[in-house]
Amino acid sequence: MNSHSSLFAVDHCRPLVMGVVNITPDSFSDGGKLYASGRPDVDSIVSWAAKLIDQGADILDIGGQSTRPGARPVTESEEIERVIPALAALARRFDVPLSVDTSVPAVMKLAAQEGAAMINDVYALRFPGAIQAAAETKLPVVLMHMQGEPRTMQAAPQYDDVASEVGDFLAGRVLACEAAGIDRNRLAIDPGFGFGKTLEHNMSLFRALPGFAAMGLPVLVGLSRKRMIGELLDKPVADRVYGSIAIAMLAAQRGVSMIRVHDVAGTVDALKVLAAIESYN
Ligand code: 7PM
């Protein structure tokens, strides 16, 4: 896949579903299975990806950085070792577009060479050299808002008006990208649920989703299994599937274009039902 504007086309009858392929030792999201005895297990990654594609994933997000609250960043060479061979193996086998979840310029460039179709950056291209690297790849980019950094972001998140501050940040990053030669039609925005936000902040942002969609760029959201859902339901990660599917539907109704999820099968079913109801007359 090399002309990527279709990825962000706004005329899909339902949001695209992005399936998470997390190549870290994190147990948060099945990742542990893809990372055995201290290194990525490419065979497991390939069969995991095949399963997500079979379940209806429109795009896969391949990541090797732990962005979990409290996590420390892994080194560049470690991230390359986690992500690039896996991405290359997936690109060889599958037609589904692959997104690379990274903030690191070298990873962006290598991923693009190995066939990545999109860059998903939780730092919104703020790392030194990231904006130039992303521009060079000519790939579409998801710009996500985060207050602080993963290691400390949940300590004391603070906003006067979370929706307008996140909106202003994203609008500023869009301008920076355009100035660096990244065309507007290659950009998507993401309010970054859980990234330096309390439950109250997350709820305000969720209610503001129609406003983000009105900024005229595709909106991506990641809500799957997050603490926000755990807090609403008082449930651990393993028991957040139904809540995650419910909130994916609600996000779809608020105009988002892409939803990043761990539970692809259930989310795709729910979104198909919603699309059928909305197109029924
Ligand atoms: C542990 C806790 C591991 C949380 C991973 C996470 C987003 C993302 C992530 C998001 C975009 C997760 C997060 N979340 N990229 N990457 N938007 N664009 O829930 O919300 O998987 S990592």
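Every heavy atom of this structure was used, including side-chain atoms; hydrogens, water molecules and symmetry mates were not. Just so you know, ligand 1 is whichever comes first in the structure, and atom 1 is the first atom listed for that ligand.
Atom numbering of ligand 1 starts at 1 in the shown order; those under 4.0 Å from a heavy atom of Met144 are 10 (C), 11 (C), 17 (N). Close contacts between ligand 1 and Gly222 involve ligand atoms 10 (C), 20 (O) [criterion: under 4.0 Å to a heavy atom]. Numbered from 1 in the order shown, with element, the atoms of ligand 1 that lie under 4.0 Å from a heavy atom of Asp101 read 16 (N).
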Task: Evaluation steps, side-chain hydrogen bond (donor to acceptor under 3.5 Å, both in side chains), between Ser103 and Asp121 - done: CA-CA 5 Å; Ser103 305; Asp121 184 5; 2.5 Å; yes
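Residue Asp61 has no nitrogen or oxygen atom sitting less than 3.5 Å from a nitrogen or oxygen atom of ligand 1, judged on distance alone. Between Asp190 and ligand 1, at least one N/O pair is under 3.5 Å apart.
Note: the hydrophobic cluster containing Val74 does not contain Phe195 (ILVMFWY, side chain heavy atoms under 4.5 Å, direct or indirect links).
Here the side chains of Val96 and Asp58 are not in contact, with every heavy-atom distance at 4.5 Å or above. The shortest side-chain heavy-atom distance between Ile45 and Pro40 falls under the 4.5 Å cut-off.
At a 4.0 Å cut-off, at least one heavy atom of His262 sits close enough to ligand 1 to count as contact. By the 4.0 Å heavy-atom criterion, Val20 is excluded from the residues contacting ligand 1.
For atom 18 (N) of ligand 1, the choice among Asn120, Val261, Val122 with the nearest heavy atom turns out to be Asn120.
Ring-plane geometry between Tyr159 and His145 is classed as tilted, the angle between the planes lying from 30 to 60 degrees on a 0 to 90 degree scale.
Of the candidates Thr137, Leu87, Leu110, Leu139, Leu87 is the only one forming a side-chain contact (heavy atoms from CB on, under 4.5 Å) with Val100.
Heavy atoms of Lys226 found under 4.0 angstrom from ligand 1 belong exclusively to the side chain. Within the 4.0 Å heavy-atom criterion, the part of Leu220 lying near ligand 1 is the side chain and not the backbone.
Checked by atom type and distance alone, the side chain of Arg260 never pairs as donor or acceptor with a backbone atom of Met18 at under 3.5 Å.
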